[in-house]
Amino acid sequence: MKKRKLRCPVCGASDFFYDRARGEVICRKCGSVMEERLIDFSQEWREFDFEQKESRRRAGSPLTPTRHDKGVSTMVGIGADMKGLSVADRRKYLRIAKWQTRISTAIERNLKFALTDLRRSASVLKLPESVEKEAARIYEQAARKGLVRGRSMESVVAGAIYAACRINNVPRTLGEISLAFGLDKKEIGKTYRFICRQLGIRILPTSPLDYIYRFSNELGLSPQTTTKAIEILKKALKKEITSGKGPMGIAAASLYVAALLTGEKKTQREVADVAGVTEVTIRNRYKELLEQLGLEDKVKEVKEK
DNA sequence: AAGACGAAAGTGGTTGA
DNA sequence: TCAACAACTTTCGTCTT
């Protein structure tokens with residue numbers, strides 16, 4: 001394949017930063033996001049990788065031995081030496097072995113379906129490979145621990161994906177995931193919390209900064225505005241007026257203010273939609289930002305024009 | 001007519017006794 | 001286990017552009 005020199009359509013520079021974790025290419029000079037779906041290039045070998053993974057799994061040991069799956073990962077040996085055992089004990093032994101085979105093949109079967117589903121939605125969500133793998137790992141753990149029982153397989157897959165996103169600081173909102181799966185936000189959130197608790201996964205709150213680039217890109221805002229939003233956001237973080245608040249609302253409000261100040265005005269509704277929050281939340285955050293950062297005058301100035 | 005603003009009531013989750 | 005609580009949503013009326 002011929003190598004073509006990429007140039008930033010905004011500032012013309014050809015110095016890019018590839019944020020592998022987020023699957024985004026960002027111009028070093030002006031900060032605009034060039035490509036959000038870089039991952040699509042890797043579709044081919046990623047699938048190949050998954051095939052490999054699956055076949056490996058069928059062949060034997062789980063990839064991630066953890067403290068959680070004691071009972072299941074320790075197989076009762078089928079060809080074990082049973083000479084010293086009574087008939088009753090032998091029967092019992094064989095019965096256990098049989099059930100374990102049944103359970104584990106059931107899990108393998110389930111895993112096969114789940115991973116197909118996972119792969120499909122990861123591709124819809126344009127997730128980096130690392131996150132997809134992480135999600136697969138989480139799902140497998142959950143399945144082996146029997147957490148899928150009583151829940152739809154899809155919701156657990158969705159929960160695993162969401163958890164993987166959070167862990168890798170790859171911002172995807174619950175709304176986006178629920179759209180990709182056609183599931184209710186609440187349901188995904190519920191299973192997400194459930195499997196996190198059960199698997200002892202520690203979740204750090206996401207930073208609003210993680211969302212800025214994507215939201216900004218989706219709104220079609222200029223790099224200047226994006227930079228402005230980040231500037232505002234950082235000040236807000238420093239003043240600690242953001243703690244306890246939802247990160248998406250804060251990111252959205254920062255972008256809204258920034259767009260206002262640079263004359264690229266977006267309506268509250270537009271911003272609210274891409275950020276997956278309501279206008280009311282934006283208004284509240286927006287008000288706080290203006291008060292705490294002394295931006296009222298600047299906004300007034302802009303409005304006069 | 002559309003957008004911005006804010007009050008009031010409701011939702012789901014966390015926390016602390 | 002339950003009640004208080006904070007953040008966010010929904011809904012709706014009013015004001016501004």
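Proteins get letters first, then strands, A, B, ... in listed order; numbering begins at 1 in each.
Listed by chain and residue number, nothing satisfies the side-chain hydrogen bond (donor to acceptor under 3.5 Å, both in side chains) test with A:Glu154 (two or more places apart in sequence, or in another chain). Residues that satisfy the side chain to side chain contact (heavy atoms under 4.5 Å, CB included) test with A:Ala164, not counting sequence neighbours, are A:Val131, A:Glu134, A:Ala135, A:Ile138. Take A:Asp184 and apply the salt bridge (Lys or Arg N to Asp or Glu O under 4.0 Å) test, not counting sequence neighbours, and it matches no residue.
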Report task. Start with the C-alpha distance between A:Lys145 and A:Glu140, add both sets of side-chain angles, then the distance that settles salt bridge (Lys or Arg N to Asp or Glu O under 4.0 Å), and finish with yes or no. Result -> CA-CA 8 Å; A:Lys145 234 195 154 193; A:Glu140 187 175 339; over 6 Å; no
Requested in this report: Give the C-alpha distance, both sets of side-chain angles, the deciding distance and a yes or no for side-chain contact (heavy atoms from CB on, under 4.5 Å) between A:Lys235 and A:Glu231.
Outcome: CA-CA 6 Å; A:Lys235 275 188 205 160; A:Glu231 197 185 298; 4.2 Å; yes
Side-chain donor-acceptor distances from residues 253-266 of chain A under 3.5 Å, at least two apart:
unit_1: A:Ser254; atom_1: OG; unit_2: A:Ile250; atom_2: O; d: 2.9
unit_1: A:Thr262; atom_1: OG1; unit_2: A:Thr225; atom_2: OG1; d: 2.9
unit_1: A:Thr262; atom_1: OG1; unit_2: A:Ala258; atom_2: O; d: 2.9
unit_1: A:Glu264; atom_1: OE1; unit_2: A:Ser222; atom_2: N; d: 3.1
unit_1: A:Glu264; atom_1: OE2; unit_2: A:Ser222; atom_2: OG; d: 2.5
unit_1: A:Glu264; atom_1: OE2; unit_2: A:Thr225; atom_2: OG1; d: 2.4
unit_1: A:Lys266; atom_1: NZ; unit_2: A:Leu219; atom_2: O; d: 3.4

Result block: side-chain N/O donor-acceptor pairs under 3.5 angstrom for residues 286-297 of chain A, not counting sequence neighbours:
unit_1: A:Glu288; atom_1: OE1; unit_2: A:Lys245; atom_2: NZ; d: 3.4
unit_1: A:Glu288; atom_1: OE1; unit_2: A:Arg285; atom_2: NE; d: 3.2
unit_1: A:Glu288; atom_1: OE2; unit_2: A:Arg285; atom_2: NH2; d: 3.4

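When all heavy atoms of A:Pro247 and A:Thr206 are compared, the pair lying nearest together is CG-OG1, 3.3 Å. Between A:Ala252 and A:Val271, the shortest heavy-atom contact is O-CG1, 3.4 Å.
Only at 4.0 angstrom or more do the heavy atoms of residues 176-184 of chain A sit from any atom of DNA chain B, so none qualifies.
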Strictly under 3.5 Å: I want the nitrogen or oxygen pairs between protein and nucleotides 13-17 of chain C, one per line.
none

Using nucleotides 2-5 of chain B, report all nitrogen or oxygen pairs with the protein that are shorter than 3.5 Å.
unit_1: B:dA4; atom_1: OP1; unit_2: A:Tyr256; atom_2: OH; d: 3.4
unit_1: B:dA4; atom_1: OP1; unit_2: A:Lys265; atom_2: NZ; d: 2.7
unit_1: B:dA4; atom_1: OP2; unit_2: A:Gln268; atom_2: N; d: 3.0
unit_1: B:dC5; atom_1: OP2; unit_2: A:Gln268; atom_2: NE2; d: 2.6

Check the interface with nucleotides 12-14 of chain B: list each N/O to N/O pair with the protein under 3.5 Å, or write none.
unit_1: B:dG12; atom_1: OP1; unit_2: A:Lys186; atom_2: NZ; d: 3.0
unit_1: B:dG13; atom_1: OP1; unit_2: A:Arg193; atom_2: NH2; d: 2.8

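Remark: A:Glu108 does not engage A:Lys112 in a salt bridge, criterion side-chain N to carboxylate O under 4.0 Å.
Between the side chains of A:Thr227 and A:Gln224, no donor-acceptor pair is found at a separation under 3.5 Å. A donor atom on one side chain and an acceptor atom on the other are not found under 3.5 Å apart for A:Asp117 and A:Tyr139. One side chain, A:Glu270 or A:Thr267, offers a donor N or O that lies under 3.5 Å from an acceptor on the other.
The distance from the CG atom of A:Leu199 to the CZ atom of A:Arg137 is 9.5 Å, given to the nearest 0.5 Å.
For CZ of A:Arg120, the number of neighbouring non-hydrogen atoms (other residues, nucleotides, ligands) closer than 6.0 Å is greater than 12.
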Requested in this report: Would you sketch DNA chain C in dot-bracket for me? Only Watson-Crick or G-U wobble pairs with both distances under 3.5 Å count, crossing pairs as [ ], other-strand pairs as |, the rest as dots.
Outcome: |||||.|||||||||||
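Within the structure, every pair that satisfies the side-chain hydrogen bond (donor to acceptor under 3.5 Å, both in side chains) test and touches residues 155-165 of chain A, not counting sequence neighbours, is listed here: A:Ser152-A:Ser155, A:Tyr162-A:Arg166.
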Query - Under 4.0 Å protein heavy-atom contacts per nucleotide of nucleotides 3-8 of chain C, with B for base, S for backbone only and - for none - result: ----SS
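The cluster map of Ile, Leu, Val, Met, Phe, Trp and Tyr, joined by side-chain heavy atoms under 4.5 Å apart, puts A:Leu183 and A:Leu179 in different clusters.
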